Amino acid sequence: CIYLTDVQRQKPLPCNACPEFHEDGAQCTRLKDLLLALRFGGVTEEHWKWLCGTREQRHMTEQQTATLAQAGMCLFPRNADVAAENCSKLQLVINEGAKACLCRAQNNGKCAKRGEAKFERTAAKKGGRGSKPGKFGGVPPQVYIAEGAKVALTMNLCVRWGLFNGAPGVVKAIYYRTGREPTPDGNNHPDLLLVDFPSYKGTAWLPSHPTIVPIGAVVGEQFRCCDRIKSPCSRTGLPLQLCFACSIHKSQGMTLHGLR
């Protein structure tokens, strides 16, 4: 077991635990006591009230609070809650007149098709809500996209440039070639998406907007055993998923801003 005995401070700062300044070496044990109470299952209502009083939102203006509620990312413990929040926020974006489309991936091989069939059965059983699309080679079977929607990459495109699995971004534009239009079944996916990834550090595609990256359909390939032989199965689609909300487990290790 690890026991917390000392509180280390670099310089005198206002304390988040009490309305005082603490000099070097001074002990403010409220946080330490709370952590020990969590360790031994002794958390009380007073602990909860104190935590609520130290939240940053308590010191924000009404405008800042409204902005966070609209643009902040939510964390949920269950995938069903994540899917419901993503659907709700996407509908709000569409209601504001944003261009939107359904993008369904194309499967090659029995394994990829089997994964999509399982996703559709789960979605039908749960009424289209709370189901988690099974990615094959990093490509989900389908995704709803809208201009202004928050998305995240589902595979590593170029890690050293900041395009890694889970990198968050915002869709800025959806492009189709002349003569192509989105279809209700989603089989006509866009030829190009312009997505703003704040983590992007590579060569600027648009000098005036250095973090905007063009994203198109990619081939996610895996080797699975089909019909007693190892044959390549692949799925071609957009390596993106909605990211208005995220699960707690998925967020581990990620740097996120504007959480609520």
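Being a predicted model, the structure only gives us computed values, none of them experimental.
R160 pairs by the salt bridge (Lys or Arg N to Asp or Glu O under 4.0 Å) definition with nothing, not counting sequence neighbours. With sequence neighbours excluded, the residues forming a side chain to side chain donor-acceptor pair (under 3.5 Å) with T183 are D185, listed by chain and number. Judged as a salt bridge (Lys or Arg N to Asp or Glu O under 4.0 Å), and not counting sequence neighbours, the contacts of E45 are K49.
Counting heavy atoms from C-beta outward, W161 and T203 have side chains that approach closer than 4.5 Å. At a threshold of 4.5 Å between non-hydrogen side-chain atoms, the residues F244 and V82 do not count as touching. Annotation: side chain of I215 is not in contact with side chain of V171 (no heavy-atom distance under 4.5 Å). Between L193 and I145, the closest side-chain pair of non-hydrogen atoms falls below 4.5 Å. Between C103 and P190 there is a side-chain heavy-atom pair separated by less than 4.5 Å. No side-chain heavy atom of F197 sits less than 4.5 Å from a side-chain heavy atom of I212. Counting heavy atoms from C-beta on, the side chains of F164 and L153 never come closer than 4.5 Å. Between V195 and V151, the closest side-chain pair of non-hydrogen atoms falls below 4.5 Å.
Considering all non-hydrogen atoms of both residues, N86 and A245 come closest at OD1-N, 3.0 Å. Closest approach of V139 and R235 over heavy atoms only: O-NH1, 3.0 Å. Nearest heavy-atom pair, K99 versus I174, reported as atom, atom and distance to 0.1 Å: NZ-O, 3.2 Å. Closest heavy-atom contact between Q106 and N187: NE2-O, 4.2 Å. N79 approaches S247 most closely through the heavy-atom pair OD1-CB, 3.9 Å. The two residues L90 and A149 come nearest to each other via the heavy atoms CD1-CB, 4.2 Å.
Distance SG/C246 to CD/Q241: 8.0 Å, rounded to 0.5 Å. Note that SG of C158 is 13.5 Å distant from NZ of K201, once rounded to the nearest 0.5 Å. We find the CG-CD distance between L242 and E85 to be 11.0 Å, quoted to the nearest 0.5 Å. Atoms CZ and NE2, on R104 and H189 in that order, are 12.0 Å from each other to the nearest 0.5 Å.
Residue-environment remark: OH (Y200) exceeds the threshold of 12 foreign heavy atoms within 6.0 Å. The number of heavy atoms from other shown groups lying within 6.0 Å of OH (Y175) does not exceed 12.
Both V218 and L240 are part of a single hydrophobic cluster, where members link through side-chain heavy atoms under 4.5 Å apart. Hydrophobic clustering (side-chain heavy atoms under 4.5 Å, transitive across Ile, Leu, Val, Met, Phe, Trp, Tyr) keeps V170 apart from L238. Connection of L163 to V143 is established within a shared hydrophobic cluster, with ILVMFWY side chains joined at heavy-atom distances below 4.5 Å, either directly or through further cluster members.
Between the side chain of S234 and the backbone N or O of V219 there is no donor-acceptor pair closer than 3.5 Å. Listed for the T211 side chain is no donor-acceptor partner under 3.5 Å among the backbone atoms of D196. Under the 3.5 Å distance criterion, the side-chain polar atoms of D81 are left unmatched by any main-chain donor or acceptor of F76. Judged by distance alone, the side chain of H209 and the main-chain N or O of L206 form no donor-acceptor pair under 3.5 Å. Looking at Y144, its side chain never comes within 3.5 Å of a backbone N or O of C87 through a donor-acceptor pair. Side-chain atoms of N188 come within 3.5 Å of backbone atoms of E181 as a donor-acceptor pair (strictly under, hydrogens ignored).
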